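Naming convention: chains lettered A, B, ... in sequence-line order (proteins, then strands); numbering from 1 in each chain. Bear in mind that the values here come from a model prediction, so they are computed numbers and not experimental data.
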Amino acid sequence: MPELPEVEVVRRGLARWVRGRSITGVDVIDPRSIRRHALGTEDFIGNLEHATVLDVVRRGKFLWMPLAVTGTDDAPGDLTEPPATAHLPKVALMAHLGMSGQLLMQDPAVPDEKHLKVRIKLSPAEDMPEQLRFVDQRIFGGLFVTSLIPTSDGGPGGLGETPLPEIAEEAAHIARDPLDPYFSFDLFYRKIKNRRTGIKRALLDQSVISGIGNIYADEALWSARLHYARATDTMRRADAGRLVDAVRDVMQAALAAGGTSFDSLYVNVNGDSGYFARSLNAYGRAGELCVRCEGLGLHTVMKREQFMNRSSYTCPVCQPRPRNGRW
DNA sequence: CGGCCGACCTGCTGGC
DNA sequence: TGCCAGCAGGTCGGCC
């Protein structure tokens with residue numbers, strides 16, 4: 001279940017292997033993995049072949065590779081001066097890992113993974129695997145080609161090795177994530193004050209703040225001692241500030257844990273790398289003792305509730321349900 | 001238009 | 001032992 005820290009681990013790992021290399025071929029093994037590419041398999045492949053990968057960029061859980069496309073397939077009567085914009089990226093290969101997606105660098109000799117969906121062949125480079133493979137068991141993730149458009153706030157589109165003032169179109173609607181240097185707390189606070197909803201719903205809404213999934217939402221809420229149903233418009237700056245700090249802390253910890261393995265040959269991203277390695281204080285701990293209460297000599301049992309068709313884990317003492325319960 | 005819910009998927013688990 | 005319901009969850013279309 002990759003959330004932001006896992007995707008960032010992938011981004012760093014991937015950048016090391018693919019920057020500057022060109023795509024020599026694409027096999028779509030399961031077209032369901034490119035269903036977000038509306039123009040179909042042929043168009044998907046056609047947009048990638050002969051393109052050069054410039055970078056790997058991330059915002060929230062979206063990952064994309066800006067491409068330089070040189071018109072090698074077009075009429076060869078060129079050799080005139082190419083336009084100045086010829087090498088500026090206009091499109092990008094977008095990837096979302098969904099629930100179970102992996103991006104793996106592999107040698108051609110390695111047998112296909114059971115859930116291999118797309119194989120991207122790269123130009124040979126010394127001591128580097130020649131294939132980038134997209135593997136996805138549950139098919140919630142996928143690949144597609146998207147345009148790059150200017151950002152609305154003038155900042156870089158996302159986190160990359162060489163940041164560009166452009167963003168993948170399909171990621172343009174999501175907010176900056178809390179690890180983005182251009183993340184604005186004031187903007188986040190304004191957004192939640194203007195909403196009439198519960199705080200966990202807002203945390204999971206990628207247009208309010210991006211990169212947070214169910215696990216880190218529960219961890220951050222527990223850490224900030226906030227109940228998931230707390231009305232966002234009743235939150236004070238201090239509440240919101242404590243929460244954003246908690247989100248950052250839990251993500252930084254996961255990133256540090258996941259980062260230890262990202263120089264392996266595999267761009268290790270099955271999601272196990274980060275958060276399973278670190279200890280969770282809330283998520284999945286139903287029936288166990290709240291570790292904060294325990295430190296105070298209390299024996300409070302963590303509980304699990306259904307909320308938004310998913311599980312939420314809370315400590316009934318640290319995170320009491322708000323009383324004047326509009327949310 | 002903002003809030004919210006179901007659909008999309010597969011594999012694993014637990015109950016009968 | 002076998003079958004089936006339930007569960008896991010990120011994103012988006014569509015409904016109210």
Side-chain angles (χ1 to χ4, degrees), chain A residues 1-8 10-11 28-38 58-64 94-103 112-118 134-144 146 167-175 177-178 187-188 190-221 228-234 247 251 254 269-272 274-276 280 282-287 303-313 325-327:
Chain A
M1 288 154 270
E3 296 185 27
L4 184 151
E6 290 75 26
V7 182
E8 175 59 15
V10 181
R11 191 198 68 73
V28 174
I29 292 102
D30 188 341
R32 289 178 299 175
S33 288
I34 59 163
R35 64 179 182 276
R36 286 189 67 179
H37 189 89
R58 180 193 59 73
R59 178 186 291 204
K61 301 169 210 168
F62 285 89
L63 195 67
W64 64 91
M94 173 73 101
H96 198 292
L97 302 176
M99 284 291 297
S100 53
Q102 293 173 268
L103 288 165
D112 288 1
E113 292 76 10
K114 185 180 178 189
H115 298 292
L116 177 64
K117 304 299 181 187
V118 180
F134 181 69
V135 177
D136 191 10
Q137 178 204 106
R138 295 191 209 177
I139 328 185
F140 271 32
L143 304 181
F144 53 98
T146 178
I167 186 167
E169 196 170 12
E170 272 81 0
H173 66 290
I174 75 169
D177 61 68
L187 182 58
F188 168 76
R190 223 177 305 142
K191 282 182 176 175
I192 66 169
K193 289 299 280 187
N194 286 328
R195 269 172 200 243
R196 298 171 65 89
T197 189
I199 185 58
K200 183 167 177 181
R201 237 183 255 283
L203 284 183
L204 294 177
D205 185 335
Q206 305 295 300
S207 70
V208 173
I209 184 171
S210 70
I212 303 173
N214 197 43
I215 296 169
Y216 292 124
D218 275 10
E219 290 299 304
L221 288 168
Y228 58 78
R230 173 68 181 272
T232 57
D233 59 350
T234 68
V247 170
M251 284 184 171
V269 214
N270 50 17
D272 300 346
Y275 64 84
F276 279 137
L280 297 172
Y283 184 83
R285 296 198 68 245
K303 66 177 177 182
R304 170 183 175 274
E305 293 165 288
Q306 285 298 118
F307 177 69
M308 289 177 74
N309 287 331
R310 22 170 82 72
S311 294
S312 282
Y313 300 88
R326 180 189 55 73
W327 52 280

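Look at NE2 on A:His96: it is 7 Å from P on C:dC12, rounded to the nearest Å. Per the geometry, CG belonging to A:Asp30 stands 10 Å off P belonging to B:dC9, to the nearest Å. Rounded to whole Å, the distance from CD on A:Glu3 to P on C:dT11 is 9 Å. Rounded to whole angstrom, the span from the CG atom of A:Asp177 across to the P atom of C:dG10 amounts to 15 Å. We find that CZ of A:Phe140 is positioned 10 Å from P of B:dT10, with the value rounded to whole Å. A straight line from CG of A:Asp233 to C1' of B:dG3 spans 14 Å, rounded to a whole angstrom. One atom, NE2 of A:His115, and another, P of B:dC12, lie 8 Å apart when rounded to the nearest Å. We find that NE2 of A:His173 is positioned 9 Å from P of C:dG13, with the value rounded to whole Å.
With hydrogens and angles left out, the side chain of A:Arg201 and the base of B:dG2 share no donor-acceptor pair within 3.5 Å. Under 3.5 Å, the side chain of A:Arg138 and the base of C:dA8 form at least one donor-acceptor pair of N or O atoms.
Among the nucleotides C:dG10, B:dG11, B:dG6, the one closest to any side-chain atom of A:Asn309 is B:dG6. Nearest nucleotide to the A:Arg310 side chain, out of C:dA8, C:dG10, C:dC12: C:dG10. Listed nucleotides B:dG11, C:dG10, C:dT11 differ in distance to A:Phe62; the shortest reach to its side chain belongs to C:dT11.
From A:Asp136, atom CG reaches atom CG of A:Leu97 across 8.0 Å, with rounding to the nearest 0.5 Å.
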Exercise. Decide side chain to side chain contact (heavy atoms under 4.5 Å, CB included) for A:Leu203 and A:Ile209; before the verdict, give the C-alpha distance in whole Å, the side-chain angles of both, and the deciding distance to 0.1 Å.
Key: CA-CA 6 Å; A:Leu203 284 183; A:Ile209 184 171; 4.2 Å; yes
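Between A:Arg304 and the phosphate of C:dA8, there is a side-chain N or O to OP1/OP2 separation shorter than 4.0 Å. Here A:Gln206 does not reach the OP1 or OP2 of C:dG10: none of its side-chain N or O atoms lies under 4.0 Å away. Residue A:Arg32 places at least one side-chain N or O closer than 4.0 Å to OP1 or OP2 of B:dT10. Phosphate proximity of C:dC7 to A:Ser311: absent, as no side-chain N or O sits under 4.0 Å from OP1 or OP2. In this structure, A:Thr197 does not reach the B:dG2 phosphate: none of its side-chain N or O atoms is under 4.0 Å from OP1 or OP2.
Salt bridge A:Asp177/A:Lys61: absent, no basic N to carboxylate O contact under 4.0 Å. Here A:Arg195 pairs with A:Asp205 in a salt bridge; the nearest charged N to carboxylate O distance falls below 4.0 Å.
In plain terms, the two heavy atoms of A:Ala217 and A:Leu204 that are nearest each other are CB-CD2, 4.0 Å.
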